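Start at 1 with the first residue, then count along the sequence. Only a predicted model underlies this, so the values are computations on that prediction, with no experimental measurement involved.
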Amino acid sequence: MVYDENGKLLGQRILPLDGLQAGYRHISLRTEANFPMSLPMLFCNIELIIYVPDGFADFMAALSDPRAFLSAQDKRAQQMKAMGIEETDIKDVPGGGGAAASAGGGEKGGKPKKEEEKKAEEITLEPITLETLRNEKAFKKTGQKQQKDLEALRKKQLKEKLGIQKAQCTTIEKAIKGRSKPELINDASIKKLITEQMMQWSEMIDRHRKSEWELMKNQLEEQRETMNKVIEIVQADQVKQLEAKYERDLKQMNTTQAKISVETMKEVQNDKTLKTKGDKDRRSREKQQNNTKKFMEERKTLQIKHSREKDKLAAKHEKQKQDLVKEINELMEMYKNEVIEYDLTSKTEFFA
């Protein structure tokens with residue numbers, strides 16, 4: 001129906017749908033009683049569009065032009081690869097299976113549920129101390145061996161003590177046999193024998209203590225070497241945990257970004273305000289550029305955060321190593337002080 005500016009009917013025309021042809025056409029008008037009119041006609045452009053239900057645009061494009069659709073899919077895969085997003089990440093995204101998922105991906109009367117985004121996982125790294133290192137398997141093995149060597153030394157020293165004690169007692173018993181107490185008090189040979197035995201005992205005790213201190217000092221040096229190796233292993237394990245956390249966070253980010261990309265493409269395809277394919281392609285490019293910029297910023301932020309955590313952990317490890325070295329040096333200094341104190345005291349000893 002065609003009216004003039006005053007609302008007067010100029011003409012009308014009813015055409016069957018199967019008789020329409022796309023393109024520019026002249027359509028002659030008829031009267032209200034459907035009689036032909038000679039002059040009035042309309043010059044119009046007819047555009048025929050196939051109705052496609054929501055969510056089936058990709059499927060229809062694949063059926064209409066398979067080659068162009070595959071080319072677009074390849075181009076999309078290259079863009080995803082350039083952004084660091086793998087196809088496996090997209091498959092993990094609910095509803096992110098591409099054209100096939102859009103075509104047959106939905107159950108009737110319902111939409112797939114969106115999974116909740118996982119929060120950034122936080123890891124807790126235990127502080128490295130001398131006590132925690134002593135619980136490590138390698139350090140325990142060294143400690144057990146050292147304890148065994150120390151017990152063997154003390155057993156050997158005890159055997160020597162008992163032997164000298166027995167020999168001295170036998171010598172004294174022979175020397176005082178059959179003699180009275182006044183005679184023994186004034187006997188110079190008895191005093192000399194006792195003095196010799198005291199010197200022998202004192203020399204043995206001095207030798208035992210020094211040998212035990214020397215062994216403990218050597219064991220402490222060995223513990224320091226073992227501890228340096230163990231702390232490197234433990235610190236490397238903590239760095240490995242930090243790297244694994246970064247990989248998990250990056251994978252989670254890739255999955256989230258892939259989900260956003262897929263949802264953006266679906267949103268453009270299902271936007272009814274975009275009439276032509278060119279409009280949809282233009283809007284898709286604009287959104288992809290915005291997403292790419294946003295994704296790169298997110299990855300840059302994650303990488304900066306990871307670098308800071310790594311530097312912070314390295315500084316923490318260096319301080320822990322310095323504290324452990326200081327603690328071991330204090331133990332070694334304690335042994336040295338014991339030796340000095342012992343050298344300043346009297347060396348005369350005897351068994352009672």
Side-chain angles (χ1 to χ4, degrees), residues 76-96 114-140 142 223-265 267 285-331:
R76 172 175 167 272
Q78 292 176 0
Q79 291 175 347
M80 291 290 187
K81 187 175 182 181
M83 292 188 294
I85 301 174
E86 300 294 338
E87 289 293 333
T88 54
D89 296 334
I90 300 177
K91 291 178 182 179
D92 293 337
V93 177
K114 295 182 179 180
E115 296 182 355
E116 296 182 358
E117 296 182 359
K118 296 181 180 179
K119 296 183 179 179
E121 183 180 357
E122 296 294 336
I123 60 173
T124 303
L125 301 177
E126 296 183 0
I128 303 174
T129 61
L130 190 59
E131 295 300 325
T132 57
L133 290 179
R134 283 174 177 165
N135 293 327
E136 293 293 327
K137 185 177 180 180
F139 195 87
K140 281 185 176 180
T142 302
Q223 287 180 11
R224 176 158 59 183
E225 294 178 0
T226 305
M227 196 166 296
N228 288 334
K229 295 179 181 178
V230 172
I231 194 173
E232 288 179 359
I233 295 174
V234 175
Q235 289 179 347
D237 183 64
Q238 290 188 350
V239 173
K240 189 175 180 181
Q241 292 181 36
L242 190 63
E243 292 291 341
K245 174 183 174 294
Y246 171 71
E247 293 296 330
R248 290 193 298 269
D249 291 344
L250 184 60
K251 184 176 180 181
Q252 178 64 26
M253 178 180 290
N254 288 342
T255 304
T256 303
Q257 292 178 352
K259 178 180 178 181
I260 294 174
S261 297
V262 172
E263 290 178 350
T264 300
M265 295 176 64
E267 180 184 352
R285 284 194 299 269
E286 291 175 355
K287 287 186 173 290
Q288 284 179 1
Q289 289 176 357
N290 294 333
N291 285 342
T292 301
K293 184 178 179 181
K294 178 183 176 183
F295 294 164
M296 297 303 293
E297 288 295 330
E298 289 177 352
R299 295 184 186 191
K300 185 178 179 180
T301 302
L302 180 63
Q303 190 172 8
I304 292 174
K305 179 183 177 183
H306 174 65
S307 299
R308 289 177 179 174
E309 289 178 346
K310 197 172 181 181
D311 294 341
K312 185 178 179 181
L313 183 62
K316 182 179 178 182
H317 284 171
E318 185 62 27
K319 186 178 183 302
Q320 289 172 345
K321 189 177 290 186
Q322 291 176 358
D323 292 341
L324 289 174
V325 170
K326 182 180 178 182
E327 192 170 351
I328 294 176
N329 289 338
E330 288 177 353
L331 290 174

Visitor: Take atom CD in E298; do more than 12 heavy atoms of anything else shown fall under 6.0 Å from it?
Guide: yes
Visitor: Please report, to 0.1 Å, the donor-acceptor pairs under 3.5 Å made by any side chain of residues 230-241, with sequence neighbours excluded.
Guide:
residue : atom : partner : partner atom : Å
Q235    : NE2  : H317    : O            : 3.1
D237    : OD2  : Q241    : NE2          : 2.9
Q238    : OE1  : H317    : NE2          : 2.7
Q238    : NE2  : E126    : O            : 2.9

Visitor: With rounding to the nearest 0.5 Å, note down the distance linking CD in Q288 to CD in E286.
Guide: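 It comes to 11.0 Å.
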Visitor: Apply side chain to side chain contact (heavy atoms under 4.5 Å, CB included) to the pair K310 and L242, showing each step before the final yes or no.
Guide: CA-CA 7 Å; K310 197 172 181 181; L242 190 63; 4.2 Å; yes
Visitor: Atom CG of L250 and atom CD of E243: how far apart are they, to the nearest 0.5 Å?
Guide: 11.0 Å
Visitor: Check salt bridge (charged side-chain N to carboxylate O under 4.0 Å, His left out) between K294 and all other residues, then give those that pass, not counting sequence neighbours.
Guide: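 In terms of salt bridge (charged side-chain N to carboxylate O under 4.0 Å, His left out), with neighbours along the sequence ignored, K294 is linked to no residue.
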Visitor: Just verifying a value: how many Å separate N254 CG and Q252 CD, rounded to the nearest 0.5 Å?
Guide: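 If I round to the nearest 0.5 Å, the distance is 9.5 Å.
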Visitor: How close do T264 and N291 get, counting heavy atoms only, and between which atoms?
Guide: OG1-ND2, 3.2 Å
Visitor: Only counting residues at least two apart or in another chain, list the ones meeting side chain to side chain contact (heavy atoms under 4.5 Å, CB included) with D323.
Guide: K319
Visitor: Rounded to the nearest 0.5 Å, how far apart are NZ of K316 and CD of E309?
Guide: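 Result: 11.5 Å between the selected atoms.
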Visitor: Could you measure the distance from the CG atom of L324 to the CE atom of M227? Nearest 0.5 Å is fine.
Guide: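 If we round to the nearest 0.5 Å, L324:CG and M227:CE are 6.5 Å apart.
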Visitor: Can you tell me how far the CD1 atom of I328 sits from the CD atom of E225, to the nearest 0.5 Å?
Guide: 10.5 Å
Visitor: Are N228 and R224 packed together at the side-chain level, in the sense that at least one heavy-atom pair is separated by less than 4.5 angstrom?
Guide: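 Yes - at least one pair of side-chain heavy atoms lies under 4.5 Å apart.
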